[in-house]
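Here is the structure we will look at, set down as structure tokens.
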Amino acid sequence: MILVADSGSSKTDWLLAIPQQEAQQFRTSGLNPYFLSEKDIVKILQEQAADLIAFAADITEIYFFGAGCSSPDRHEIVSNAISQLFPKAYVSVDSDLLGSAYATCGHEKGLCCVLGTGSNISFFDGEDIHAGQHGLGFVLGDEGSGTWFGKALITDYLYGKMPADIDAKFEAAYHLTREDVIKNVYQKPGGNSYLAAFSRFLSQIRETEYAQKLLHDGLLEFIDTNIKSYPQYNKYKCNFVGSIAYVFADELQELCKVTGVRTGKIIKQPIHDLLQFILERN
């Protein structure tokens with residue numbers, strides 16, 4: 001059996017290919033080795049993936065694509081953790097950008113963007129990715145991501161900059177205090193996921209002038225900072241993966257159109273396309 005995983009900072013989707021059956025899907029928390037140790041990852045899998053681990057004796061290959069897996073030492077953290085629970089399997093660990101490129105570009109050249117909890121971009125040459133000077137994380141980067149929008153919403157709320165009716169809705173939904181925010185962002189792990197969770201509020205107020213301006217500013221910042229950093233960005237299709245890209249696809253496509261960006265696929269989760277790519281490649 002072949003197991004494929006697509007992991008962000010918030011969640012990990014697992015898809016298990018079973019001969020003569022439909023693939024089975026599982027979900028755990030995100031397994032980002034920048035925030036989690038090998039021991040942490042093992043514990044999460046033991047607690048959240050018991051049904052998946054039950055197949056361990058039959059799984060021969062595991063392909064893990066994850067946020068934070070862009071360097072050999074981070075690869076090793078994830079690989080060692082998975083190998084403890086799936087000792088019979090060959091384990092391959094690569095970045096989520098490469099997985100997204102496989103799922104959207106296939107074997108064609110193009111740009112691949114991640115717009116989910118965080119944001120990133122790479123150029124795919126048909127075989128491998130060429131990362132740029134991006135992916136700086138939620139403190140320094142993540143333009144246009146769930147974290148970016150969540151941070152904008154919270155700071156507008158705490159600074160009293162939201163329109164009164166939207167402020168009231170936000171207050172009723174979250175009952176936030178300054179102390180709550182400071183503790184969750186600066187003192188607890190997973191500050192990026194905490195911030196990104198507030199981006200869901202944008203869907204509730206999507207048609208308002210306030211939300212549309214926020215979406216315009218965040219997505220345009222991603223286009224200007226990330227996509228346009230590639231001199232020949234308009235020569236290739238630009239593909240998008242992630243919940244922000246998928247949910248706000250209309251706003252994203254309109255901005256791409258007016259800025260000369262050629263849009264390709266926009267998908268929420270790459271896992272099904274990714275498994276198909278791996279199976280065909282094998």
Side-chain angles (χ1 to χ4, degrees), residues 8 96-97 100-106 108-126 129-138 140-157 161-163 165-166 170 192 195-196 198-270 273:
D96 58 335
L97 278 174
S100 296
Y102 285 161
T104 56
C105 299
E108 295 182 3
K109 295 180 180 180
L111 289 167
C112 187
C113 308
V114 175
L115 280 176
T117 297
S119 69
N120 211 336
I121 187 172
S122 66
F123 175 72
F124 184 64
D125 64 10
I129 56 171
H130 300 266
Q133 303 299 315
H134 309 288
L136 298 180
F138 78 102
L140 302 176
D142 278 351
E143 300 83 6
S145 68
T147 298
W148 191 97
F149 289 116
K151 178 181 176 181
L153 286 164
I154 288 175
T155 53
D156 278 359
Y157 172 73
K161 294 169 64 177
M162 279 183 174
D165 57 334
I166 295 175
F170 194 85
N192 58 332
L195 290 170
F198 293 96
S199 64
R200 300 188 189 103
F201 183 73
L202 274 179
S203 295
Q204 302 174 33
I205 60 168
R206 184 173 185 166
E207 303 305 320
T208 65
E209 183 179 346
Y210 170 80
Q212 285 296 305
K213 184 179 186 306
L214 199 58
L215 285 166
H216 175 277
D217 292 349
L219 295 174
L220 186 61
E221 185 169 343
F222 179 83
I223 291 171
D224 287 343
T225 303
N226 294 272
I227 298 176
K228 289 192 174 182
S229 69
Y230 291 84
Q232 293 183 304
Y233 71 89
N234 55 0
K235 180 180 177 182
Y236 304 100
K237 285 184 180 179
C238 192
N239 302 282
F240 295 87
V241 167
S243 56
I244 294 297
Y246 184 80
V247 172
F248 301 109
D250 290 344
E251 289 85 354
L252 177 60
Q253 286 177 310
E254 180 59 29
L255 269 177
C256 285
K257 182 179 178 181
V258 300
T259 54
V261 175
R262 297 171 56 200
T263 53
K265 292 173 71 173
I266 300 177
I267 58 177
K268 185 177 182 180
Q269 301 166 347
D273 299 86

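These numbers come from the heavy atoms of this one structure, side chains and all, not from hydrogens, waters or symmetry mates. Source: prediction; values computed, not measured.
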For F198 against G150, the heavy-atom pair lying closest together: CB-CA, 4.0 Å
By side chain to side chain donor-acceptor pair (under 3.5 Å) - contacts of T117 (at least two apart): S10
Checking the side chain of T147 only, and the main-chain atoms of N192 only, is there a donor and an acceptor separated by less than 3.5 Å? yes
Closest non-hydrogen atom pair between L219 and G144, with its separation: CD2-O, 4.2 Å
Closest non-hydrogen atoms of F124 and C105, given as atom of the first, atom of the second and distance, are CD2-CB, 3.5 Å
Would you please name every residue forming a ring pair (Phe, Tyr, Trp, His ring centres under 6.0 Å) with Y210, sequence neighbours left out? none
Restricting to non-hydrogen atoms, name the atom on A152 and the atom on T155 that form the minimum distance, rounded to 0.1 Å. O-OG1, 3.1 Å
Take V241 and L115 through the test side chain to side chain contact (heavy atoms under 4.5 Å, CB included) and record every step on the way to the result. CA-CA 6 Å; V241 167; L115 280 176; over 6 Å; no
With sequence neighbours left out, write down each residue that passes side chain to side chain contact (heavy atoms under 4.5 Å, CB included) with E221, or none if nothing qualifies. E143, W148, T225
Test side chain to side chain contact (heavy atoms under 4.5 Å, CB included) applied to D224 - qualifying residues, sequence neighbours left out: L220, K228
Here the pair of heavy atoms bringing A103 nearest to I267 is CB-CD1, 4.3 Å
Could you tell me the separation between the CD1 atom of I129 and the SG atom of C112, rounded to the nearest 0.5 Å? 8.5 Å
Please verify the inter-ring angle class for Y157 with F170; under 30° counts as parallel, over 60° as perpendicular, anything in between as tilted. tilted
If I compare all heavy atoms of P231 with all of S229, which pair ends up nearest, and what's the gap? CD-O, 3.4 Å
D125: which residues meet the side chain to side chain donor-acceptor pair (under 3.5 Å) condition with it, sequence neighbours left out? H130
Test of understanding: with salt bridge (charged side-chain N to carboxylate O under 4.0 Å, His left out), list the residues that count as partners of K265, not counting sequence neighbours. D273
Name all residues meeting the ring pair (Phe, Tyr, Trp, His ring centres under 6.0 Å) criterion together with Y233; count only those two or more places apart in sequence or in a different chain, and write none if there are none. none
State the OG-CD1 distance between S100 and I121, to the nearest 0.5 angstrom. 12.0 Å
Once the angle between the rings of F149 and F248 is folded into 0 to 90°, is it parallel (under 30°), tilted (30 to 60°) or perpendicular (over 60°)? tilted
Any chance you could lay out the side chain to side chain contact (heavy atoms under 4.5 Å, CB included) test for I244 and S145, step after step, and finish with the verdict? CA-CA 7 Å; I244 294 297; S145 68; 5.6 Å; no
Show every side-chain hydrogen bond (donor to acceptor under 3.5 Å, both in side chains) that has at least one partner inside residues 238-264, sequence neighbours left out. R206-E251, Q212-E251
First locate atom CG of D165, then atom OG1 of T208, and finally report the distance between them rounded to the nearest 0.5 Å. 7.5 Å
Which residues pass the salt bridge (charged side-chain N to carboxylate O under 4.0 Å, His left out) test with D217, not counting sequence neighbours? K213
S122 and L111, any side-chain heavy atoms less than 4.5 Å apart: no
SG-CD1 distance between C256 and I223, expressed to the nearest 0.5 angstrom: 4.0 Å
Can you tell me how far CG of L153 sits from CD1 of I166, rounded to the nearest 0.5 angstrom? 9.0 Å
Pairwise salt bridge (charged side-chain N to carboxylate O under 4.0 Å, His left out) hits with a residue in residues 232-247, at least two apart: none
OG-CG distance between S119 and N226, expressed to the nearest 0.5 angstrom: 5.5 Å
Answer with yes or no after comparing the ring centroid distance for Y230 and Y236 against a 6.0 Å cut-off, counting only values under it. no
